[in-house]
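Atoms within each ligand, like the ligands themselves, are counted from 1 in listed order. Everything numeric in this text was worked out from a predicted model, so none of it was measured.
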Amino acid sequence: MSEFNKTPRLVLLPAVDIAAGKAVRLTQGEAGTETNYGDPVDAAADWAAQGAEWIHLVDLDAAFGRGHNHSVIKKVLRQVKGVNIELSGGIRDDESLESALDMGAKRINLGTAALENPEWAASVIAQYGEAIAVGLDVRGTTLAARGWTKDGGDLWAVLERLENAGCARYVVTDVTKDGTLQGPNIELLKQVMARTHRPVVASGGISNLDDIAALRELVPGGLEGAIVGKALYAGAFTLAEALDVARN
Ligand SMILES: O=C(O)c1ccccc1N[C@@H]1O[C@H](COP(=O)(O)O)[C@@H](O)[C@H]1O
């Protein structure tokens, strides 16, 4: 096959979710289901050293509205070099957005604010362009807000609004798959990609290298990347193995 015909690669974003200063993984986003994976700076440095181009960094305490992890996030952004940070959790107004960008996050993932404050979301999408993604966190086709504890509206209605606002990118999470190692929701991703020409990043459920290969097949249709969480921490495969499947 010529270089021209090759399926373009899938970008992999290892997830570093932070609660109470530690890197953790949750199951289906539920508070209290944490497995602890140690210092977030070490986790992020490890993924960067293993070749990650992006890290999906989540402040879970801010997402749940029960505090924040700004000091450890600043440490990650200061100390972990050579990797782009996509930051999410609790970024809901000008102050939190500007602070996240000032800390050095390359991209901000808005969740609750994009559902509860459409005008503000549209204004920052217009102002910051590629630096803003919206996380479409869903159960079925109902969006989830406020630490995934509240319904946030209909996926297709919100997607249409965000398309009209010019949103640059969507991070699509099937909440019911997140942290379960049950495989990604390919059908949901296809349905979202059919409704937008913007890049889509998949999140939730990756359990093995076949899942990465299946997601890579979606790249020509608009899938840009995939967030990998529990499978990496549980040692189901290494990041190097996953990058190999995502690139070849
Ligand atoms: O990633 C998780 O496991 C998670 C669990 C529960 C709530 C949120 C979670 N993740 C991230 O948080 C943002 C939403 O934060 P906010 O609503 O803007 O404050 C979401 O996009 C996920 O990336």
Is it true that [Y] and [X] share a donor-acceptor pair across their side chains at a distance under 3.5 Å?
{"X": "D102", "Y": "S99", "value": "no"}
{"X": "Y170", "Y": "E163", "value": "yes"}
{"X": "K230", "Y": "T27", "value": "yes"}

So if I count the atoms of ligand 1 from 1 in the order they appear, which ones are less than 4.0 Å from some heavy atom of [X]?
{"X": "T112", "value": "16 (P), 17 (O), 18 (O)"}
{"X": "R92", "value": "16 (P), 17 (O), 19 (O)"}
{"X": "G90", "value": "15 (O), 16 (P), 18 (O), 19 (O)"}
{"X": "F64", "value": "6 (C)"}
{"X": "N109", "value": "21 (O), 23 (O)"}
{"X": "L60", "value": "2 (C), 3 (O), 4 (C), 5 (C), 9 (C)"}

Could you tell me whether ligand 1 has any atom less than 4.0 Å away from a heavy atom of H56? yes

Is it true that A113 lies under 4.0 Å from ligand 1, counting heavy atoms only? no

What part of T173 sits under 4.0 Å from ligand 1 if we count only heavy atoms: the side chain, the backbone, both or neither? neither

What is the nearest protein non-hydrogen atom to [atom], stated with its residue, atom name and distance?
{"atom": "atom 9 (C) of ligand 1", "result": "W148 CZ2, 3.5 Å"}
{"atom": "atom 20 (C) of ligand 1", "result": "D137 OD2, 3.2 Å"}
{"atom": "atom 1 (O) of ligand 1", "result": "D17 OD2, 3.3 Å"}
{"atom": "atom 11 (C) of ligand 1", "result": "V58 CG1, 3.5 Å"}
{"atom": "atom 15 (O) of ligand 1", "result": "G89 CA, 3.4 Å"}
{"atom": "atom 18 (O) of ligand 1", "result": "G111 N, 3.0 Å"}

Sidechain-backbone polar pair: [X] side chain, [Y] backbone, donor-acceptor under 3.5 Å:
{"X": "N109", "Y": "G135", "value": "yes"}
{"X": "N36", "Y": "G38", "value": "yes"}
{"X": "N84", "Y": "E53", "value": "yes"}
{"X": "E217", "Y": "L215", "value": "no"}

In this structure, which one of I55, V76, L13 forms a side-chain contact (heavy atoms from CB on, under 4.5 Å) with V83? I55

So that I can tick it off, tell me whether R146 and E116 are bridged by a salt bridge, with the cut-off set at under 4.0 angstrom between side-chain N and carboxylate O. yes

Residues E86, R169: salt bridge by 4.0 Å N-O rule: no

I want to confirm something. Looking only at heavy atoms, which of A63, S88, A114 is nearest to atom 22 (C) of ligand 1? S88

